[in-house]
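Step one of this worksheet: look at the structure below.
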Amino acid sequence: MVVSEISEVRFESVGFKKEFGFQLLRLEDVFYREPSSERHPFKSSRINFFTIILVTEGEMTHEVDFTKYKMTKGDCIFISKGQIHKFDPSPVYKGYGLVFTEAYMLHYISPSALSKISFLYNNHLSPLNFNDDGDLDDLIRTMKKEFSYELGSIKADVVASMLTVFLLKAQLRTGDVLRTNRRDHQQFTRFQNLVASKYMETRKARQYAALLNMTYKQLNEVCKVITRKTAKEYIDAYVALEAKRRLALTELSVKQIAFECGFSEATNFLKFFKKEADITPKQFRATKT
């Protein structure tokens with residue numbers, strides 16, 4: 001049975017230490033610590049932070065935005081801020097989670113490095129997952145050692161330096177090393193955040209460009225270098241994903257979802273969704289309930 005609204009999980013609401021905006025935890029601690037019904041790890045929820053999950057023993061299936069990823073020892077998966085995920089309800093596996101906020105990244109990771117790490121921000125695309133050949137396992141082991149020391153404020157910089165190296169190596173695994181600069185990354189992040197807050201009001205790329213004090217051409221160029229999509233394609237992909245989330249995880253009618261996604265007429269939403277998903281909203285919901 002779908003629920004009335006999508007559960008939201010915030011970094012500060014799940015018992016994570018606020019120090020640095022970064023937390024390293026064992027998955028088994030997440031599973032067995034009496035979570036509330038609103039933030040149960042085995043239920044779909046939207047997160048407002050970034051997560052890297054590593055399996056160290058056993059095997060699991062992790063679901064991210066309706067796609068299931070089978071993972072065994074050594075496999076890791078990256079989940080971006082704003083995505084919806086849930087853990088396998090039969091936790092016969094062990095592992096670790098690295099969770100960190102966007103504020104942490106912007107404060108502790110250098111702009112030059114951050115401008116090259118695009119996959120964490122492309123949450124409308126498939127998550128990055130792979131067998132890390134021990135890199136992440138080594139990183140976690142070293143981080144655990146660093147956290148045992150009383151390093152004060154230096155600790156945050158040490159941990160951030162190790163995380164930066166790992167994220168850059170992960171970007172190389174995508175086979176898509178970007179030729180961006182700090183300004184491109186900043187502009188795209190502003191655009192991405194604006195779409196998240198304004199998509200119910202407009203899906204017109206030119207209006208977003210105006211709100212960002214950019215030309216339509218400039219916005220398209222930034223989007224293409226970061227996502228390989230035009231601004232309009234990015235907006236439509238985002239809206240389609242939000243519609244899928246509501247169809248799968250809420251009891252809202254198709255007409256209500258159309259309105260929440262910015263469509264004044266349900267017929268226009270039906271045409272849009274069919275074009276983006278190759279399936280009708282009702283057919284999509286039937287496959288997810």
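The residues of the chain are indexed from 1 along the displayed sequence.
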Checking L25, I52, I47 against V99 for side chain to side chain contact (heavy atoms under 4.5 Å, CB included), the one that qualifies is L25

So CD of E102 and CD1 of I109: to nearest 0.5 Å the spacing works out to 11.0 Å

Closest non-hydrogen contact found for R285 with S253 is NH1-CA, 4.5 Å

Item to check | CD (E59) with more than 12 external heavy atoms under 6.0 Å | outcome: no

With side chain to side chain contact (heavy atoms under 4.5 Å, CB included) as the test, would you mind laying out the steps for V254 and L247 before giving the verdict?
-> CA-CA 8 Å; V254 172; L247 287 164; 4.3 Å; yes

- Message: Taking the cut-offs as 6.0 angstrom to the six-membered ring centre and 45 degrees off its axis, would you call R203 and F272 a cation-pi pair?
- Response: yes

Test side chain to side chain contact (heavy atoms under 4.5 Å, CB included), reference F263, set I257, L270, V239, output is V239

Taking the cut-offs as 6.0 angstrom to the six-membered ring centre and 45 degrees off its axis, would you call R206 and Y216 a cation-pi pair? yes

Is it true that D278 and K274 make a salt bridge, defined as a side-chain N closer than 4.0 Å to a carboxylate O? no

CE (M162) and CG (D157) are apart, to the nearest 0.5 Å, by 11.0 Å

Separation between NZ (K86) and CG (L249), nearest 0.5 Å, reads 8.0 Å

- Charged N to carboxylate O under 4.0 angstrom, E260 versus R246? yes

Can you confirm if the aromatic rings of F78 and F50 lie within a centre distance of less than 6.0 Å? no

Margin query: Under the criterion side chain to side chain contact (heavy atoms under 4.5 Å, CB included), I'd like the reasoning laid out for Y104 against V159: C-alpha separation, chi angles, the key distance, then a yes or no.
Written below: CA-CA 11 Å; Y104 169 87; V159 171; 3.8 Å; yes

message: Membership question, hydrophobic clusters at under 4.5 Å side-chain separation (ILVMFWY): are L98 and V165 in the same one?
response: no

Checking L212 against Q187 for the side chain to side chain contact (heavy atoms under 4.5 Å, CB included) test, could you report, in this order, the C-alpha distance in whole Å, the side-chain angles of both residues, the deciding distance, and whether it holds?
CA-CA 8 Å; L212 293 166; Q187 289 178 329; over 6 Å; no

Exactly one candidate in Y96, F87, Y69 meets side chain to side chain contact (heavy atoms under 4.5 Å, CB included) with I53; the answer is F87

Compare all side-chain heavy atoms of F66 with those of R245 and state whether any distance is below 4.5 angstrom. yes

Please check if the number of heavy atoms outside K232 that lie under 6.0 Å from its NZ is greater than 12.
yes

Inset, instruction - Decide if the gap between the ring center of Y238 and the ring center of Y199 is smaller than 6.0 angstrom. - result: yes

Pair F191 + Y234: ring centers closer than 6.0 Å: yes

Rounded to the nearest 0.5 angstrom, the SG-CZ distance for C223 and R228 is 12.0 Å

Notebook entry, point to check: Around atom CD of Q218, are there more than 12 heavy atoms of other residues, nucleotides or ligands at under 6.0 Å?
Noted result: yes

- Residues R46 and E242 bridged, charged N to O under 4.0 Å: yes

Worked check of side chain to side chain contact (heavy atoms under 4.5 Å, CB included) between F269 and F259
CA-CA 9 Å; F269 171 70; F259 179 76; over 6 Å; no

